[in-house]
Amino acid sequence: MTEPILEFEDVNIKYRTRGDSDVHAVNNASFTIGEHEYFGLVGESGCGKSTIADSVVGGLDDNGEVVSGKIKFKGKEIQDFSEKQFNKEIRWKEISVIPQSSMNSLDPVMKLSDQAIEMAKYHTDLSKREAVDRLRELFDVVGIPESRIHNYPHQFSGGMQQRTIIAFSLFLQPSLIIADEPTTALDVIMQDQILDYINALKDDWDVSMLMITHDISIVFENCDTMAVMHGGQMAESGSVVDVFDRPRHPYSILLQNAFPDIRYPDRELAVIEGHPPQLTEVPDYCTFADRCPWATAECYDGAPEPVDVGGGDDHRAWCVHADEMETLAAEHLSTSRNATNILEEAHE
Ligand SMILES: Nc1ncnc2c1ncn2[C@@H]1O[C@H](COP(=O)(O)OP(=O)(O)OP(=O)(O)O)[C@@H](O)[C@H]1O
Ligand SMILES: [Mg+2]
């Protein structure tokens, strides 16, 4: 791996609620994104993906809190940064976020061109004209007529606002872009166009990506490394090829059957029976155990620790049975439908 740009070390995040039951949304999450790496984070709705994204830029809802663990950006701990510190040192310039819903991300009372000028004034040496030209270029990329740069956000449709946010997130060439379901609200043609552009960015500048989605085919086609989450816990992480071809966590193994099939690109992850538990307490068990065909008493005895499952670098599964899964799940582990084959099929 290249030098790490973002590191999560045993991070716990909870939301306080009015009752006495908090929501322990993220528990002991650990992963690393290297410089110049595109990292995909997948998992069912509610598993904690956006919570992770928001925590990186101090953007958790007011009742949310990083309870423990370390979040490091370029080696520096940022989990205790104040909003002011985030705004001054991190947001937009170092890390930009394409949020899951863009509705509230643009200043409603400012023309978009003026927002670009403000951003440039605060963070760069660009002149007003250069700032506006840059926005123009980016509008072209995201498919909005350049003439509309002087509009106000409310003059745009939801999809156009989403594309505007994407344009702004690229504006200062940050070193990390966090894209939380960046294209879900867009039509398929626009989705492809934006993903192609996001993919091509790598060639232009040293950018890394945390891409969050429940569409695994997007991860498959755009990312180098990935993690699968389930019920507020990490399940498996590693290179995209390792996780797709040699899954070692029961959840990823069962998902393998639903893994990207180019013929059904929109197929989602929710193909496994049952639901993750409500996390009103820190789970001291594997949150997948109730849904797992291979669960034993041990799975309820403590939260799972990561196990190195060999193969490529940093391929890990948070499962007490990780080392036995290849045998236990032999009949589920297909050898024919692997990542390499699927990619070849796709390009035929
Ligand atoms: N402000 C909040 N207060 C209380 N609970 C919250 C809050 N925000 C999120 N949660 C809960 O935290 C858990 C994780 O939510 P999160 O939004 O991170 O999930 P997600 O993986 O991004 O889901 P999706 O795929 O639907 O976007 C869920 O149980 C959710 O209900
Ligand atoms: Mg989300």
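Indexing begins at 1, ligand by ligand and atom by atom, following the structure's order.
The protein heavy-atom contact nearest to atom 27 (O) of ligand 1 is Gln100 NE2, 2.9 Å. In terms of protein heavy-atom proximity, atom 4 (C) of ligand 1 is nearest to Tyr15 CB, 3.4 Å. Ranking protein heavy atoms by distance to atom 3 (N) of ligand 1, first place goes to Asn63 ND2, 2.9 Å. Here the protein heavy atom with the shortest distance to atom 11 (C) of ligand 1 is Val23 CG1, 3.9 Å. Asp61 OD2, 2.8 Å is the protein heavy atom nearest to atom 1 (N) of ligand 1. Remark: minimum distance from atom 25 (O) of ligand 1 to any protein heavy atom is reached at Lys49 NZ, 2.8 Å.
Within 6.0 Å of CG in Asp10 there are more than 12 heavy atoms belonging to other residues, nucleotides or ligands. Within a 6.0 Å radius of NZ in Lys121, other residues, nucleotides and ligands contribute 12 heavy atoms or fewer.
When only interatomic distances are considered, the shortest N/O to N/O separation between Thr17 and ligand 1 does not fall below 3.5 Å.
Checking Ser45 against the Mg ion (ligand 2), every N/O/S atom stays at or beyond the 2.8 Å cut-off.
Between Phe288 and Tyr251, the two ring planes are tilted [angle within 30° to 60°].
Only one option out of Glu9, Glu77, Glu3 pairs with Lys72 in a salt bridge (Lys or Arg N to Asp or Glu O under 4.0 Å); it is Glu9. Each of Glu305, His249, Glu324 was checked for a side-chain contact (heavy atoms from CB on, under 4.5 Å) with Cys319, and the lone residue meeting it is His249.
Ligand 1 has Gly46 within reach: a non-hydrogen atom of the residue lies less than 4.0 Å from it. Within the structure, the closest approach of Gly43 to ligand 1 does not fall below 4.0 Å when heavy atoms are considered.
Distance screen at 4.0 Å: atom 15 (O) of ligand 1 has a protein heavy-atom neighbour inside the cut-off. Under the 4.0 angstrom criterion, atom 9 (C) of ligand 1 counts as having a protein heavy-atom contact.
Both the sub-6.0 Å distance and the 45° axial angle are satisfied by Lys202 relative to the ring of Tyr38.
In summary, Glu236 and Arg316 do not engage in a salt bridge, as defined by a charged side-chain N under 4.0 Å from a carboxylate O. Between Lys74 and Glu94 there is a salt bridge, since at least one side-chain N of the basic residue sits less than 4.0 Å from a carboxylate O of the acidic one.
At a threshold of 4.5 Å between side-chain heavy atoms, the hydrophobic network of Ile, Leu, Val, Met, Phe, Trp and Tyr places Val67 and Val56 in two separate groups. Under the 4.5 Å side-chain heavy-atom criterion for ILVMFWY residues, a single connected hydrophobic cluster contains both Phe156 and Val142.
Under a 4.0 Å criterion applied to the non-hydrogen atoms of Gly48, ligand 1 contributes the atoms 14 (C), 18 (O), 19 (O), 20 (P), 21 (O). Proximity to Thr51 (heavy-atom distance under 4.0 Å) selects the following atoms of ligand 1: 14 (C), 15 (O), 16 (P), 18 (O).
Ranked by closest heavy atom to atom 26 (O) of ligand 1, the top entry among Ser50, Ser45, Pro276 is Ser45.
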